[in-house]
Amino acid sequence: QAQLEESGGGSVQAGGSLRLSCAASGYTARSNCMGWFRQAPGKEREGVATTHTGGGGTAYVDSVKGRFTSSQDNAKNTMYLRMNSLKPEDTAMYYCAAGWATPCVPEVDRYNYWGQGTQVTVSP
């Protein structure tokens with residue numbers, strides 16, 4: 001059974017930090033890509049960070065470069081997103097996802113397995 005479990009969301013003030021976690025099990029563990037996406041009200045879902053589970057590296061959307069860092073523990077089938085220097089515009093529902101792609105492009109259609117989402121709210 002494919003399953004993704006997220007944790008770590010919350011409410012912080014601008015400049016604060018959060019770490020999101022995503023644990024994959026079942027068929028998602030065989031996916032070669034995992035990614036973080038976010039969606040704010042009235043906005044398109046966008047890729048934040050995409051990671052090759054085999055160690056191919058991580059790609060970040062320009063707006064989070066230098067502030068967000070993705071890491072993974074493949075032995076635990078877990079991916080993390082460390083978010084520093086948070087801004088109000090980072091406020092969104094954050095989703096982890098797993099899929100198959102080469103390279104691990106931040107395209108929603110390439111990710112078949114999704115978590116429930118965890119809310120991140122950043123106050124001014």
Calculate, to the nearest 0.5 Å, the distance between atoms OG1 and CZ belonging to T102 and R110 respectively.
-> 7.5 Å

Taking distance alone, no hydrogens or angles, what donor-acceptor pairs closer than 3.5 Å link side-chain atoms of residues 117-124 to residues at least two apart or in another chain?
residue, atom, partner, partner atom, Å
T118, OG1, G9, N, 3.2
Q119, NE2, A92, O, 3.4
Q119, NE2, T121, OG1, 3.4

Could you go step by step and tell me if T50 and V105 meet the side-chain contact (heavy atoms from CB on, under 4.5 Å) rule?
-> CA-CA 7 Å; T50 51; V105 294; over 6 Å; no

Determine, stepwise, if the pair T69 / L81 fulfils side-chain contact (heavy atoms from CB on, under 4.5 Å).
-> CA-CA 6 Å; T69 303; L81 184 67; over 6 Å; no

Look up atom OG1 in T58 and atom CD in Q72, then write down how far apart they are to the nearest 0.5 Å.
-> 5.0 Å

Is there side-chain contact between D90 and R67, with heavy atoms separated by less than 4.5 Å?
-> yes

Taking every heavy atom of T51 against every heavy atom of C104, the minimum-distance pair comes out as O-SG, 3.8 Å

Any donor-acceptor pair under 3.5 Å from Y60 side chain to S70 backbone = yes

Which atom names give the shortest non-hydrogen contact between C22 and L4, and what distance separates them?
-> SG-CD2, 3.9 Å

Would you give the length of the straight line joining atom NE2 of H52 to atom CG of N32, rounded to the nearest 0.5 angstrom?
-> 4.5 Å

With the side chain counted from C-beta on, respond yes when Y95 and E6 share a heavy-atom pair under 4.5 Å apart, and no when they do not.
-> yes

Run the numbers on C33 and W100 for side-chain contact (heavy atoms from CB on, under 4.5 Å), then give the verdict.
-> CA-CA 6 Å; C33 301; W100 288 94; over 6 Å; no

E89 atom CD, neighbour heavy-atom count above 12 within 6.0 Å | yes

Applying the 4.5 Å side-chain criterion to the ILVMFWY set and letting contacts propagate, would Y80 and M34 be lumped into a single cluster?
-> no

CZ on F68 to OG on S17, rounded to 0.5 Å = 9.5 Å

Pairwise distance OG(S21) to NZ(K76) - rounded to 0.5 angstrom = 10.0 Å

CD-CD distance between Q3 and Q116, expressed to the nearest 0.5 angstrom = 9.5 Å

Mind running side-chain contact (heavy atoms from CB on, under 4.5 Å) on M79 and S71 for me, showing each step along the way?
-> CA-CA 6 Å; M79 183 177 68; S71 61; over 6 Å; no

So, for Y111 and F37, is the gap between ring centers shorter than 6.0 Å?
-> yes

Heavy-atom check, side chain of E46 versus side chain of R38, under 4.5 Å | yes

Close side-chain approach of Y94 to L20, heavy-atom, < 4.5 Å = yes

